[in-house]
> 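Let me give you the structure first, and then I'll get to my questions.
Not measured: the values here are computed from a predicted model. Heavy-atom basis, side chains included; hydrogens, waters and symmetry copies ignored. Indexing begins at 1, ligand by ligand and atom by atom, following the structure's order.
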Amino acid sequence: MNYRPGRIFLSVPHLGGHEQNYVQKALEDNWVTTAGPNIPGLEHDICQHTNARFAVALNSGTAAIHLALRVLGVQPGDEVLCSTFTFVATANPILYMGATPVFVESEASTWNMCPTTLTQTIEARLKLGKKPACILLVHLYGMPAMMKELLDIAHHYEIPLIEDAAESLGSRYGGHQTGTFGELGIFSFNGNKIITTSGGGALVTANEQLAEQARFLSTQAKESNSYYEHTQMGYNYRMSNIAAGIGRGQLEVLEKRVKQRREIFGFYREQLESELISFLPEPKNCFSNRWLTTILLQPELNKTPEEVRLALEAYNIETRLLWKPMHLQPLFKDAPYYGENLSMALFEKGLCLPSSSSLTEEDLEKVVKVLKAELGV
Ligand SMILES: *Cc1c(COP(=O)(O)O)cnc(C)c1O
């Protein structure tokens with residue numbers, strides 16, 4: 001990590017101002033723990049903003065994915081169909097469960113799970129006598145996946161679906177918040193996401209039983225006796241009341257942050273889009289929060305994303321390569337994979353540009369200027 005002054009970061013927290021009020025109240029009232037009014041408050045606010053029926057505040061998005069797999073009853077040895085083009089936090093909880101990820105390739109219009117490949121994968125696993133326990137898909141960089149097609153497949157084969165919406169709070173598909181289509185959805189409030197609690201996450205669902213079960217497991221699976229009685233293995237996954245206070249303030253400015261990130265995407269696109277540098281447009285029905293602006297560099301530029309990243313680094317500008325697909329990770333070398341490596345091609349051409357909502361016009365102009373000079377366009 002490089003913290004030279006004046007650095008232009010990829011994605012940093014951007015406070016709205018009211019976070020302090022919630023945090024200060026928590027400190028004054030001595031609710032400095034994993035209980036207190038900000039927690040149900042944040043859960044209520046999440047439901048309001050996303051139209052989810054139930055929300056459970058947790059200490060990370062990864063914890064939320066783990067609990068989603070638990071409450072769906074995934075067993076050791078089960079197979080979970082997972083987007084290959086994602087951050088490792090999507091797939092790690094599959095390993096926590098002792099289950100096996102089966103990686104599914106993306107399609108080109110959203111970079112998310114390809115419906116055709118999903119059907120092929122399910123058919124192939126069924127032929128081997130293995131019915132997948134669930135589908136775990138991601139809405140990468142804020143872009144909604146092709147939910148209609150994917151849901152139809154999930155329903156047809158009666159396989160429950162979890163949406164990793166960690167990067168897509170504020171994104172909508174057909175007017176509905178991503179994360180609210182599957183049996184369960186998860187959000188992340190990590191410091192680099194569109195809004196933050198400094199670290200945290202949430203599970204959302206329309207199923208009250210699943211929500212209650214997740215809440216129960218997140219607090220060490222403590223039965224409601226006066227003494228400590230346990231019949232199931234639980235976790236310490238609850239969010240703190242301080243973090244939830246930050247989250248309540250942050251949710252107040254979510255729509256503003258979405259607007260700002262979309263404007264940043266618009267600026268870059270206007271300045272840089274050409275035959276040689278391409279952007280991912282929004283397909284019909286998709287509204288992206290544009291968490292990170294990504295570009296693809298065509299081979300004619302004769303520059304790898306890594307060369308460009310290093311060149312910008314010299315100007316104290318942080319950029320990042322796209323996520324390296326899971327099926328190419330040494331960690332998952334034995335996991336089955338279906339597809340034709342679109343994600344690898346994207347990984348080899350793509351770069352994430354600084355996308356913090358707090359970036360100034362000057363910052364953005366500097367990024368564009370340095371980038372144009374480096375690419376010779
Ligand atoms: C950030 C992220 C997560 C995990 O969230 P944490 O709150 O950091 O645990 C999961 N999936 C994706 C795609 C993410 O980007």
> Number the atoms of ligand 1 from 1 as they appear, then name those within less than 4.0 Å of a heavy atom of S188, with their elements.
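Every atom of ligand 1 under 4.0 Å from some heavy atom of S188: 1 (C), 5 (O), 6 (P), 7 (O), 8 (O).
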> State whether the shortest distance between N or O atoms of T62 and N or O atoms of ligand 1 falls below 3.5 angstrom.
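N/O-N/O distance under 3.5 Å: yes.
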> Checking side-chain contact (heavy atoms from CB on, under 4.5 Å) between P101 and each of T90, L81, I94, which is the one that passes?
I94
> Please check whether I65 reaches ligand 1 - meaning an N/O of the residue sits under 3.5 Å from an N/O of the ligand, judged on distance alone.
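No.
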> Residue-level breakdown please: for A166 versus ligand 1, do any non-hydrogen atoms fall below 4.0 Å on the side chain, on the backbone, on both, or on neither?
side chain
> Indicate whether the side chain of E123 and that of Y157 have a donor and an acceptor atom separated by less than 3.5 Å.
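There is such a pair between these side chains.
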> Taking only heavy atoms of V138 into account, list the atoms of ligand 1 that are under 4.0 Å away from them.
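Counting from 1, the qualifying ligand atoms are 13 (C).
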> Heavy atoms only: which of A89, A165, A91, A202 lies closest to atom 3 (C) of ligand 1?
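Checking each option, the heavy atom nearest atom 3 (C) of ligand 1 is found in A89.
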> Is it the case that the side chains of S109 and E107 hold a donor-acceptor pair, with the cut-off being a distance below 3.5 Å and no angle test?
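Their side chains do contain a donor-acceptor pair, which is all the 3.5 Å distance test asks for.
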> I'd like to check which ligand 1 atoms, numbered from 1 as shown, lie under 4.0 Å from a non-hydrogen atom of G61.
5 (O), 6 (P), 7 (O), 9 (O)
> Between E374 and K303, does a salt bridge (charged side-chain N to carboxylate O under 4.0 Å, His left out) hold up when you go through it step by step?
CA-CA 9 Å; E374 168 61 16; K303 294 271 181 190; 3.1 Å; yes
> What residue and heavy atom of the protein are closest to atom 11 (N) of ligand 1, and at what distance?
D164 OD2, 2.7 Å
> Considering only non-hydrogen protein atoms, determine which one is nearest to atom 2 (C) of ligand 1 and report residue, atom name and distance to 0.1 Å.
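Looking only at protein heavy atoms, the one closest to atom 2 (C) of ligand 1 is K193 NZ, 2.9 Å.
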> Name each donor-acceptor pair under 3.5 Å that joins a side chain in residues 319-333 to protein atoms two or more places apart or in another chain, with its distance.
{"unit_1": "W323", "atom_1": "NE1", "unit_2": "E167", "atom_2": "OE2", "d": "3.2"}
{"unit_1": "H327", "atom_1": "ND1", "unit_2": "T84", "atom_2": "OG1", "d": "2.8"}
{"unit_1": "H327", "atom_1": "NE2", "unit_2": "N341", "atom_2": "OD1", "d": "2.7"}
{"unit_1": "Q329", "atom_1": "NE2", "unit_2": "K324", "atom_2": "O", "d": "3.0"}

> Just jot down the ligand 1 atoms closer than 4.0 angstrom to any heavy atom of T90, in number order.
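What qualifies from ligand 1 is 11 (N), 13 (C).
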> N/O of W323 under 3.5 Å from N/O of ligand 1, yes or no?
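Not met; the criterion fails.
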> Do you see a donor-acceptor pair shorter than 3.5 Å between the side chains of E183 and T205?
no
> Think R7 forms a cation-pi with Y315, using NZ or CZ under 6.0 Å from the six-ring centre and within 45 degrees of its axis?
no
> Distance only, no hydrogens: is a donor on one side chain within 3.5 Å (strictly under) of an acceptor on the other, for Y337 and E105?
yes
> Below 3.5 angstrom, do we get any N/O pair linking T86 and ligand 1?
no
> What residue and heavy atom of the protein are closest to atom 15 (O) of ligand 1, and at what distance?
E167 OE2, 2.5 Å
> Regarding atom 8 (O) of ligand 1: of the candidates L136, L58, N190, which has the closest heavy atom?
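When every heavy atom of L136, L58, N190 is considered, N190 comes closest to atom 8 (O) of ligand 1.
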> In this structure, which one of L280, T294, V138 forms a side-chain contact (heavy atoms from CB on, under 4.5 Å) with M143?
L280
> Against ligand 1, does G200 come closer than 4.0 Å with any heavy atom?
yes
> Taking atom types as modelled, find out whether Y96 and R70 have a side-chain donor-acceptor pair closer than 3.5 angstrom.
no
